[in-house]
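Just so it is clear: chains get the letters A, B, ... in the order the sequence lines come, proteins before strands, and each one is counted from 1.
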Protein chains: 2
Amino acid sequence: MRESTALDQMICFQLYAASRAMTALYRPHLDPHGLTYPQYLVLRVLWHDGPTTVRDLGRTLRLDSGTLSPLLKRLETQGHIRRERGTHDERTVVIHPTATGLALQQAVGDLTQQLVCATGLTLDELTQLHHLLSRARGRATP
Amino acid sequence: MRESTALDQMICFQLYAASRAMTALYRPHLDPHGLTYPQYLVLRVLWHDGPTTVRDLGRTLRLDSGTLSPLLKRLETQGHIRRERGTHDERTVVIHPTATGLALQQAVGDLTQQLVCATGLTLDELTQLHHLLSRARGRATP
DNA sequence: CCCAACTTAGTTGTGCACAACCGAATGGTG
DNA sequence: CACCATTCGGTTGTGCACAACTAAGTTGGG
């Protein structure tokens, strides 16, 4: 089992390094719009799902309020989102994308092709990678 | 190409989420020793390679001095490492593991088995994942 | 030899992540 | 109704990441 030991260690480091490398690939495309990668993820959820509570954003992105609250405050300052108290449950806060927040979807555009090219992986390999990552995360975050 | 678009996006998010899930798996094993995951990575390099310059640590872990300098300062405060100016090139700083730093290798022990179990991936799948992550990162960080 | 270009490590400032905690709102139970 | 555990969003404090900059040391070309 000697290889396994080294391999597992490397997997964890590879994940850590690959994740940072990917966000570095996004950076030059997001920077011109004043966005960070986590902010972009939040906007993607809003573009796809419309107004969303802070709770649901946290569940989707697996981030807690300690991370989301200041991030949302920055997006609000930039005018991309609007906060609104929930009506029937006043504990909740609903995040609405504003017109400028929605416009960003077109402005940022489709980053897919450039990133697929950057990795050099085939569509088949991307599918495999997606499958393995889902499984790896499956038991870890039930 | 509709699937490709969604897939690529998901890959990047999956990497991001999987990486955080993995460090979360390490946390309970490292916390008792007062270590964070990046600190553990630094120590692993020192355990494996012996005294190492800050430059080489950065190259190996793909972290810059802005990240490493304060991290190493904390490891030094904890008594796990010692800094020493390079002799023939006084710009360099060589990081030496101390006795307590080396002892941590035994204290932390082998986290492999528990983490392999946590993911539920087979050895074969781990090998695939390792391969794909290397390739994905390959062109991104030449 | 001398100086300009480069390398190395460190500092500063911003923005995540996450643990720990807080107060307000909610909802079930006696 | 009164009580209390739970949920929700926010704040605080610590530790990465990374861009931009600095200062000290090194090196090669004139």
Side-chain angles (χ1 to χ4, degrees), chain A residues 13 15-28 30-43 52-59 61-78 81 83-95 141, chain B residues 13 15-28 30-43 52-59 61-78 81 83-95 141:
Chain A
F13 172 66
L15 267 175
Y16 164 76
S19 172
R20 286 188 294 127
M22 281 293 169
T23 73
L25 280 179
Y26 274 85
R27 210 184 317 281
L30 298 177
D31 248 13
H33 306 286
L35 293 178
T36 65
Y37 181 65
Q39 287 170 11
Y40 172 67
L41 290 179
V42 166
L43 287 177
T52 310
T53 62
V54 174
R55 171 177 55 83
D56 288 341
L57 281 172
R59 289 215 217 286
L61 302 174
R62 298 174 195 274
L63 293 170
D64 67 3
S65 64
T67 301
L68 284 175
S69 286
L71 187 156
L72 293 171
K73 189 180 293 183
R74 284 184 283 271
L75 282 179
E76 191 178 29
T77 302
Q78 293 188 269
I81 64 164
R83 288 159 192 262
E84 197 170 291
R85 273 287 150 199
T87 50
H88 63 286
D89 185 345
E90 295 208 351
R91 289 171 302 179
T92 65
V93 169
V94 183
I95 306 299
T141 63
Chain B
F13 172 66
L15 267 175
Y16 164 75
S19 173
R20 286 187 296 127
M22 281 293 171
T23 72
L25 281 179
Y26 274 85
R27 209 184 317 280
L30 298 176
D31 248 14
H33 307 286
L35 292 177
T36 65
Y37 181 66
Q39 288 169 12
Y40 172 67
L41 289 179
V42 167
L43 287 176
T52 309
T53 63
V54 174
R55 172 176 54 83
D56 287 340
L57 281 173
R59 288 214 218 290
L61 301 174
R62 296 170 197 279
L63 293 170
D64 68 2
S65 64
T67 301
L68 283 174
S69 285
L71 187 155
L72 292 171
K73 188 180 294 184
R74 283 184 283 271
L75 281 179
E76 190 178 31
T77 302
Q78 293 188 270
I81 64 164
R83 288 159 191 263
E84 198 172 291
R85 272 289 151 197
T87 50
H88 64 286
D89 186 343
E90 295 209 350
R91 288 171 304 179
T92 66
V93 168
V94 183
I95 305 299
T141 62

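Comparing A:V93 and A:R27, the nucleotide of DNA chain D nearest to each residue sits closer to the 5' end for A:V93. Of the two residues contacting DNA chain C, namely A:D64 and A:Y37, the nearest-nucleotide position lying further toward the 5' end is that of A:Y37. Between B:E90 and B:Q39, the one whose closest nucleotide on DNA chain D sits nearer the 5' end is B:Q39.
Between the CG atom of B:L72 and the C1' atom of C:dA9 there is a distance of 10 Å, given to the nearest Å. Here the C1' atom of nucleotide C:dT8 and the CG atom of B:L68 are 12 Å apart, to the nearest Å. Between the CG atom of A:D89 and the P atom of C:dG27 there is a distance of 6 Å, rounded to whole Å. Separating the CD1 atom of B:I95 from the P atom of C:dA9 is a distance of 8 Å, rounded to the nearest angstrom.
At the heavy-atom level, B:T92 lies under 4.0 Å from the strands shown only through sugar-phosphate atoms. Backbone-only engagement by A:T36 is indicated by non-hydrogen atom pairs under 4.0 Å involving sugar-phosphate atoms exclusively. B:L71 comes within contact range of the sugar-phosphate backbone alone, with a heavy-atom separation under 4.0 Å but no base atom that close.
Of the residues B:L57, B:T53, B:V54, the one that meets the side chain to side chain contact (heavy atoms under 4.5 Å, CB included) test with B:V93 is B:V54.
Taking the six-membered ring for Trp and thresholds of 30 and 60 degrees, A:Y37 and B:Y16 have ring planes more than 60 degrees apart, a perpendicular arrangement.
OP1 and OP2 of C:dG27 both lie 4.0 Å or more from every side-chain N or O belonging to A:R91.
Interface limits on DNA chain D: the 5'-most and 3'-most nucleotides within less than 4.0 Å of chain B heavy atoms are D:dG15 to D:dT26.
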